[in-house]
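Worksheet: the structure to be examined is printed underneath.
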Amino acid sequence: MEKILDVVSKEMKQAFLTAGYDGELGKVTVSNRPDLCEYQCNGAMAGAKQYKKAPIMIAQDVVKALEGSTVFSEVKAVNPGFLNLKLKVEFVREYLVRMRQEEKFGIVMPEHPKKIMIDYGGPNVAKPLHVGHLRSAIIGESVKRIARYMGHEVIGDIHLGDWGLQMGLIITELKERQPGLVYFDEEYAGEYPQEPPFTISELEEIYPTASGKSKTDAAYKEQAMEATFKLQNGVRGYRALWHHIMQVSVADLKKNYQNLKVEFDLWKGESDVHDLIPAMVENMKKGGYAYISEGALVVDVKEETDTKEIPPCMILKSDGASLYNTTDLATIMDRMEHINPDRIIYVVDKRQELYFEQVFRCARKTQLVNPETELKFLGFGTMNGKDGKPFKTREGGVMRLESLVHEINEEMYRKIISQESRSMPEQEARETAKVVALSALKYGDLSNQASKDYIFDIDRFTSSEGDTGPYILYTIARIKSILAKYKEAGGQLDAVALQPAAGESEKSLMLELAGFQAMMEGAYEETAPHKICAFIYGLANAFNRFYHETKILTEEDRSRKEGWIALLVLVRDVLETCIEVLGFLAPERM
Ligand code: ARG
């Protein structure tokens with residue numbers, strides 16, 4: 001169904017035409033002075049020159065043409081020529097009735113759905129997940145859900161970092177500790193054991209140890225590089241160890257992402273495209289794109305219009321080793337061949353922006369993608385601590401994702417049990433705390449424009465007041481509790497019908513709801529989950545204002561009471577839809 005703004009604009013355009021003016025002048029926008037009106041139109045101002053008339057006169061003509069309108073209850077021409085508008089409550093009611101009936105509240109599904117790939121998460125195998133990976137996971141998951149809700153075919157790929165030096169480091173350290181392991185016996189030709197020779201906690205200790213040693217010990221680093229090389233070139237025992245590392249690490253990653261309600265469709269990684277590299281390189285050479293510069297194989301990607309220096313894209317190092325670039329390019333090639341997406345969105349730290357600019361240019365130049373394939377970089381800012389510096393543990397170390405999630409869960413639990421009138425059993429309080437904590441974490445992140453840095457403030461994020469996830473969930477819980485009481489008293493939720501708004505706060509609430517479609521479209525088109533947060537914050541505020549002014553359950557006028565219940569159902573459904581696309585859920589009660 002049409003967006004409310006379009007319906008309203010249509011009425012206004014018709015009025016301009018009837019009054020003898022260009023219909024295009026009748027564009028309506030949401031009012032920026034909600035104290036004066038709900039919508040506004042500045043067409044009379046814009047038309048003044050064309051018609052050599054004072055804008056106020058044009059506005060007055062339009063007011064006349066709108067007499068008897070079924071859309072507007074009030075059209076005021078105000079100096080110097082603005083049109084201030086209010087909608088008829090009956091019109092708003094009808095609009096919401098249709099929203100409630102239609103699938104997805106009337107959002108029009110695309111005629112030609114796009115195939116969209118989202119490259120997000122991007123954890124590095126065997127390295128503990130840290131908060132930097134959190135943002136990619138949270139934002140990417142929401143971007144994926146938004147596009148899917150809007151009717152597109154969306155595939156999320158985790159793009160594991162599973163082929164780099166960290167693998168060589170782990171293998172080297174293992175060899176130091178257990179040189180007798182069969183994996184290191186080059187003569188060995190039998191089957192390797194099924195069981196990995198380490199656990200996840202050992203693995204998590206091995207990597208930082210190895211990484212630390214390689215920084216001070218050049219020979220050790222040399223060994224690690226050699227191990228990486230051997231692994232990539234297919235040495236059997238090393239490949240077997242790599243499988244073990246993957247086995248142990250991926251299981252742990254899955255658990256972590258599950259806790260965050262982040263679900264990938266594909267668990268591919270850099271290693272998956274290793275074998276595609278030689279052919280890709282060959283093509284780049286044959287096409288005349290790649291050439292040797294100071295021993296390395298590079299592709300120039302600078303363009304005449306550049307205002308800053310864009311260095312060439314390095315494809316192979318002088319020793320023939322591939323790079324982060326190379327795997328990203330080969331991954332694009334692989335995706336085009338097997339999935340053929342219309343669009344690939346990369347949700348990565350914004351510090352990698354230049355890098356992706358090079359990769360995208362190189363992919364276009366070497367024709368790895370079709371000319372119409374969209375490659376989009378969605379760069380996000382840093383999550384900082386209260387001191388404005390990248391988030392650290394109290395001891396100053398890198399904050400692990402698990403610890404962060406643990407901390408926020410605990411804080412939420414403390415808040416929940418410290419409430420007066422708390423009668424929730426311990427087990428339920430724990431479960432509820434987890435659900436609410438996830439909203440705190442995700443909303444705290446998503447409510448900021450992705451590209452901006454933000455301050456992780458556990459106290460503010462977990463607060464039940466203000467622009468926070470818990471505030472939204474409290475609002476939903478409040479609605480659910482009213483609806484539950486209504487049902488307990490014998491009411492039926494599907495039998496109630498919306499009524500025209502009886503008061504101001506009720507009408508504003510209805511108008512907020514009516515903006516759902518336009519908001520969702522905007523969030524999709526601009527890959528901007530923060531727009532959904534802003535919308536539900538506004539909606540929750542409008543609901544709470546209405547709630548505080550209205551005695552819903554004790555209302556005597558039956559149809560009015562039913563109308564309110566119907567309105568509550570719609571608010572609940574819209575709020576729950578929005579948090580679902582943001583990637584969290586609401587508990588039944590709080
Ligand atoms: N593993 C990378 C890192 O931790 C992020 C991967 C981003 N995605 C990509 N296609 N390069 O920095």
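Both ligands and their constituent atoms are indexed starting at 1 by order of listing. In this text the structure is predicted, and so the values were computed from the model without any measurement. Quick note: residue numbers are just sequence positions, from 1.
Comment: Asp319 does not engage Lys317 in a salt bridge, judged by the lack of any side-chain N to carboxylate O separation of less than 4.0 angstrom. Under the 4.0 Å criterion applied to side-chain N and carboxylate O atoms, Lys386 and Asp459 are not assigned as salt-bridge partners. The pair Glu141-Lys442 does not meet the salt-bridge criterion, since no charged nitrogen lies less than 4.0 angstrom from a carboxylate oxygen. In summary, Glu410 and Lys434 do not engage in a salt bridge, as defined by a charged side-chain N under 4.0 Å from a carboxylate O.
At a heavy-atom distance under 4.0 Å, no atom of Thr331 approaches ligand 1. Of all the heavy atoms of Asp349, none lies under 4.0 Å from any atom of ligand 1, so neither backbone nor side chain is involved. Within the 4.0 Å heavy-atom criterion, the part of Phe356 lying near ligand 1 is the side chain and not the backbone.
Every N/O-N/O distance between Pro123 and ligand 1 stays at or above 3.5 Å.
Close approach of ligand 1 to Val348 (heavy-atom distance below 4.0 Å) involves ligand atoms 7 (C), 8 (N). Residue Tyr346 approaches ligand 1 through these ligand atoms, each under 4.0 Å from one of its heavy atoms: 10 (N). Each of the atoms 1 (N), 2 (C), 3 (C), 4 (O), 5 (C) of ligand 1 lies under 4.0 Å from some heavy atom of Gly122. Residue His133 approaches ligand 1 through these ligand atoms, each under 4.0 Å from one of its heavy atoms: 4 (O). Ligand 1 places these atoms under 4.0 Å from at least one heavy atom of His159: 8 (N), 9 (C), 10 (N).
Listed for the Lys230 side chain is no donor-acceptor partner under 3.5 Å among the backbone atoms of Val235. Remark: side-chain polar atoms of His152 are paired, donor with acceptor, to backbone N or O of Lys114 under 3.5 angstrom. In this structure, the side chain of Gln358 engages the main chain of Pro311 through a donor-acceptor pair within 3.5 Å.
Closest heavy-atom approach to atom 1 (N) of ligand 1 among the candidates Leu160, Ile344, Asn124: Asn124.
Closest to atom 8 (N) of ligand 1, if we only count protein heavy atoms, is Asp119 OD1, 3.2 Å. Protein heavy atom at the shortest distance from atom 10 (N) of ligand 1 is Asp328 OD1, 2.8 Å. At the shortest separation from atom 6 (C) of ligand 1 among protein heavy atoms lies Tyr324 OH, 3.4 Å. The shortest contact between atom 12 (O) of ligand 1 and any protein heavy atom is with Gln352 NE2, 3.2 Å.
The closest approach between Tyr120 and ligand 1 stays at or above 4.0 Å for every heavy atom of the residue.
The line from CD1 of Ile116 to CD1 of Ile339 is 13.0 Å long, rounded to the nearest 0.5 Å.
Of the candidates Tyr324, Trp242, Phe229, Trp163 forms a ring pair (Phe, Tyr, Trp, His ring centres under 6.0 Å) with just one, namely Trp242.
In this model, no donor atom of one side chain and acceptor atom of the other lie less than 3.5 Å apart for Asp328 and Tyr346.
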